[in-house]
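Below you'll find the structure, written out as structure tokens, and then a few comments.
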Amino acid sequence: MAFRLYNTMSSQVEEFHPLRNREVRMYACGPTVYDYGHIGNFRTFIAVDMLQRFLRQSGYTVRYVMNITDVDDKIIRNAARDGVSVQQYTAKYEKAFLEDSAMIGIEQPTLVRATEHIAQMADFVAKLVKRGIAYRTDDGSYYFRIASFPRYGRLSKKDFGGMLDGARVDVDEYDKDSARDFALWKAPKPGEASWETSIGPGRPGWHLECSVMSMAELGESFDVHAGGEDLIFPHHENEIAQSESFTGKPFAHFWFHVRFLLVEGEKMSKSLGNFYTLRDLVLKGHKPSSIRYLLTSVPYRNQLNFTFDGLKQAAVSVERLRNFRQRLAAGSFPSGSCLEMQSLAAETVDRMKSALDDDLNTAQAHAALFEMVRRANAAFDANGIKQDDVPLLLAALEKFDEIFAVLKGNDVPQMKQVSDWASTEGRKKDISLELREAVQSGQLSDADIEKKIAEMVAARNGRNFKFSDALRAELTAAGIVIENTKDGVRWRRK
RNA sequence: GGCGCGGUACCCAAGUGGUAAGGGAGAGGUCUGCAAAACCUUUAUGCGUCGGUUCGAUUCCGACCCGCGCCUCCA
């Protein structure tokens, strides 16, 4: 079955076919690096990451480019407030963004930065001016003339036809031909970052960078352009207007937008006190894998209600999957194969693929996997799994994880990284007891743990349960979970 | 006001014109020295409300109620 993806432009789920044979070119509007990323940001970037992963799993070669907006009003303001240069200011948050992305399992795309493409942007504006599509105002800013682009509003389904210029109250926007015209280039203001260019001094407007950089990296027409739903208007509408005016060709083929999430049933906002950066959550002791799992559990076009209860549930679900994996990996099985398990694994792979083929229905992919886990666990208990079944079941799990990326590792290194960061930032007091415990479970080496377990087993064999239980309690306190199974003791870090 | 999305069990959350996936939580049970893990059973005659279409609607249509998003730089 072909991959079907919702396209904001057509408001429909369409069959996905790249413009070039087996190569997908996609661009995502990345972060403006003026602060630490919040979970809403990461829902979007994780959704795009999953799209990219699924396309590759489906056999496409993917060229995935993301921009870093490293100059804008907020950055200029905050840098000035902190008394540092724009570059110094953004470097810190770009680094944090990349660390956070890696922590939450996002594969790094090719990155492009606005400040590294200033000259190209100026040339772009110059060409639009030459064609009468853009114009310069007295202060040295440049605007895009929306009247020159009849298709304006097609993406966001807005009708600007009947709207009279001046009907809006933007009378103080003195020089613009029309209130709707948007800035391509902003003239310098005293004390603001500014570049000398072929069209004069100043800095780029926000929309310009994405047109210029996406086309520079991916060509004039490419397959997917992604971002949060808020970008549909005006950002992406403006990108289309600029780009298609510039090239005379269709810009992006598919428009992929991720719905905003809710936190505890309400829009996330600082004033409501439900605003969380990724680091805030890890400081509270939540694992990156739980956060990623929760963010991937609801299909990207549905509203996701992010709650702390949900986060706990996600943690349990990830545990269950990891336990299952370890059970298979560590268990011993009789030789041969079992038809039921063989077909279960194959069926599950198929079901996950169809679920994701259907506009990335991650909830259904989860359901398919959990059904396999339950049935395989039951077979395990009934000795119904044979040696040759194990690689197939593990492969199905691996297929899942190629997209969802929550099974590998144990989160301890990532959590330690956040803990260390908090210490160096003078936020030691924000490190929760839970985080401290999680980090501690990384202190004991595997050899230490196995030595303790050997003592424990010896005690138990001597029916000295009191001592054995004491050792187990000690390990539990250190964040190590002990499980006695028919194949011996199995352990893992919590 | 314009455009759009959603309201499914205690919580999260899929889905379909023919009788409700999955996860978590609760209860009971199996296994076990005890745990842990795992499995089994169980928890919505019901899918916001009221009408309509239909042999049949949670699924289609209409109205209403509630929540949410975008409408100039918030992912």
Side-chain angles (χ1 to χ4, degrees), chain A residues 8 11 28-32 37-48 69 72-74 153 156-160 162-163 168 170 173 179-183 205-207 226-235 237-238 257-262 265-270 275 293-294 297-299 301-307 309-321 323-324 326-327 351 355 358 361-371 373-382 460 463-466 468-469 472-473 476 481-486 489-492:
Chain A
T8 307
S11 306
C29 289
T32 300
H38 56 71
I39 51 177
N41 297 124
F42 287 107
R43 178 189 197 195
T44 296
F45 299 134
I46 287 174
V48 183
T69 298
D72 90 320
D73 292 346
K74 278 188 296 287
S156 53
K157 314 291 180 285
K158 290 183 196 303
D159 182 10
F160 294 99
M163 200 167 263
R168 288 201 137 217
D170 292 321
E173 297 279 3
R180 284 277 167 188
D181 289 356
F182 60 88
W206 174 40
H207 316 298
E229 63 169 334
D230 59 316
L231 300 183
I232 296 171
F233 189 88
H235 185 53
E237 199 72 74
N238 290 353
H257 293 105
V258 182
R259 185 118 196 236
F260 270 18
L261 54 68
L262 257 38
E266 294 186 285
K267 179 172 178 164
M268 180 168 67
S269 76
K270 283 178 180 163
F275 183 94
Y293 183 93
L294 179 56
S297 63
V298 177
R301 284 200 295 130
N302 294 5
Q303 199 164 52
L304 180 156
N305 186 11
F306 192 98
T307 65
D309 191 40
L311 211 41
K312 271 186 230 147
Q313 296 178 9
V316 178
S317 298
V318 172
E319 274 297 302
R320 182 165 154 86
L321 295 176
N323 285 340
F324 174 71
Q326 199 190 7
R327 242 188 153 187
R351 283 182 59 195
D358 183 14
N361 192 331
T362 51
Q364 296 228 307
H366 276 149
L369 186 71
F370 274 102
E371 194 166 323
V373 170
R374 182 173 43 76
R375 286 171 59 188
N377 265 325
F380 188 104
D381 287 351
R460 208 172 51 225
R463 302 197 65 79
N464 185 353
F465 295 123
K466 202 164 182 182
S468 154
D469 288 350
R472 185 171 64 199
T476 303
V481 179
I482 304 298
E483 291 172 18
N484 299 319
T485 73
K486 61 182 159 63
V489 176
R490 205 168 67 201
W491 65 271
R492 61 196 153 83

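As the structure is a computational prediction, the values presented were derived from the model and not from experiment. Every chain is numbered from 1, with letters handed out A, B, ... down the list of sequences.
- Separating the CD1 atom of I232(A) from the P atom of rC73(B) is a distance of 16 Å, rounded to the nearest angstrom.
- Between rG51(B) and rA57(B), the distance separating the two P atoms is 13 Å to the nearest Å.
- No contact: L369(A) has no heavy atom under 4.0 Å from any strand.
- If you check every strand for non-hydrogen atoms under 4.0 Å, R327(A) touches sugar and phosphate atoms only.
- For R351(A) and E371(A), the salt-bridge test passes: some basic side-chain N is under 4.0 Å from an acidic carboxylate O.
- For K158(A), the listed nucleotide lying nearest its side chain is rC70(B); candidates were rA37(B), rA13(B), rC70(B).
- Residue side chain R43(A) does not reach the base of rA75(B) through any donor-acceptor N/O pair under 3.5 Å, judged by distance alone.
- The K267(A) side chain lies nearest to rC68(B) when the options are rC39(B), rC68(B), rG33(B).
- Here R492(A) pairs with E319(A) in a salt bridge; the nearest charged N to carboxylate O distance falls below 4.0 Å.
- Comparing atom distances between the D230(A) side chain and each of rA36(B), rG24(B), rC74(B) picks out rC74(B) as nearest.
- Map D309(A) and K466(A) each onto its nearest nucleotide of RNA chain B; the residue landing nearer the 5' end is D309(A).
- Here F260(A) does not count as stacked on rG69(B), because the ring centres are not under 5.5 angstrom apart with planes under 30°.
- Atom C1' of rG48(B) sits at a distance of 30 Å from the matching atom of rA75(B), rounded to the whole Å.
- Applying the 4.0 Å criterion to OP1 and OP2 of rG15(B), one finds that N361(A) has a side-chain N or O inside that range.
- The side chain of N323(A) contributes no N or O atom lying less than 4.0 Å from OP1 or OP2 of rA37(B).
- At rA38(B), none of the side-chain N or O atoms of N377(A) fall inside 4.0 Å of OP1 or OP2 (strictly under the cut-off).
- Closest to the side chain of H38(A), out of rG69(B), rG22(B), rC74(B), is rC74(B).
- For the pair R43(A) and F306(A), the NZ or CZ position fails the cation-pi test of under 6.0 Å to the six-membered ring centre and within 45 degrees of the ring normal.
- On the P atoms, rC5(B) is 22 Å away from rG18(B), given to the nearest whole Å.
- If you check rC39(B), rC74(B), rA13(B) against the side chain of V298(A), the one that comes closest is rA13(B).
- Residue contacts shown for R490(A) are limited to sugar-phosphate atoms, with no base heavy atom under 4.0 Å away.
- Taking only side-chain nitrogens and oxygens, N484(A) never comes nearer than 4.0 Å to OP1 or OP2 of rA37(B).
- Side-chain proximity of A363(A) to rA36(B), rC68(B), rA13(B): nearest is rA13(B).
- Among the heavy atoms of the strands, none lies under 4.0 Å from P31(A).
- Out of rU72(B), rA13(B), rG23(B), the shortest distance to the side chain of S317(A) is found at rG23(B).
- For rG4(B) and rC12(B), the C1' atoms lie 24 Å apart once the distance is rounded to whole Å.
- Note on G227(A): only backbone sugar-phosphate atoms sit closer than 4.0 angstrom, heavy atoms only; bases stay farther off.
- To the nearest angstrom, C1' of rG33(B) lies 6 Å from CZ of R463(A).
- OP1 or OP2 of rC39(B) sits under 4.0 Å from a side-chain N or O of R320(A).
- In this entry rG1(B) has rC71(B) as its Watson-Crick or G-U wobble partner, both defining distances falling under 3.5 Å.
- Listed nucleotides rA75(B), rC40(B), rC71(B) differ in distance to R180(A); the shortest reach to its side chain belongs to rC71(B).
- Stacking between F465(A) and rG33(B) is present: the aromatic ring centre lies within less than 5.5 angstrom of the base six-membered ring centre, and the two planes differ by under 30 degrees.
- No hydrogens or angles were tested; on distance alone, a donor-acceptor pair under 3.5 Å links the side chain of Q313(A) to the base of rC11(B).
- Taking atom C1' in both rU43(B) and rC10(B), one finds a spacing of 9 Å when rounded to whole Å.
- In terms of phosphate contacts, R259(A) brings no side-chain nitrogen or oxygen within less than 4.0 Å of OP1 or OP2 of rG6(B).
- Distances from the side chain of D381(A) to the nucleotides rA75(B), rC39(B), rG23(B) place rC39(B) closest.
- One finds no side-chain N or O of K157(A) lying less than 4.0 angstrom from the OP1 or OP2 phosphate oxygen of rC5(B).
- Comparing rG24(B), rC74(B), rC73(B) by their nearest atom to the side chain of K74(A) picks out rC74(B).
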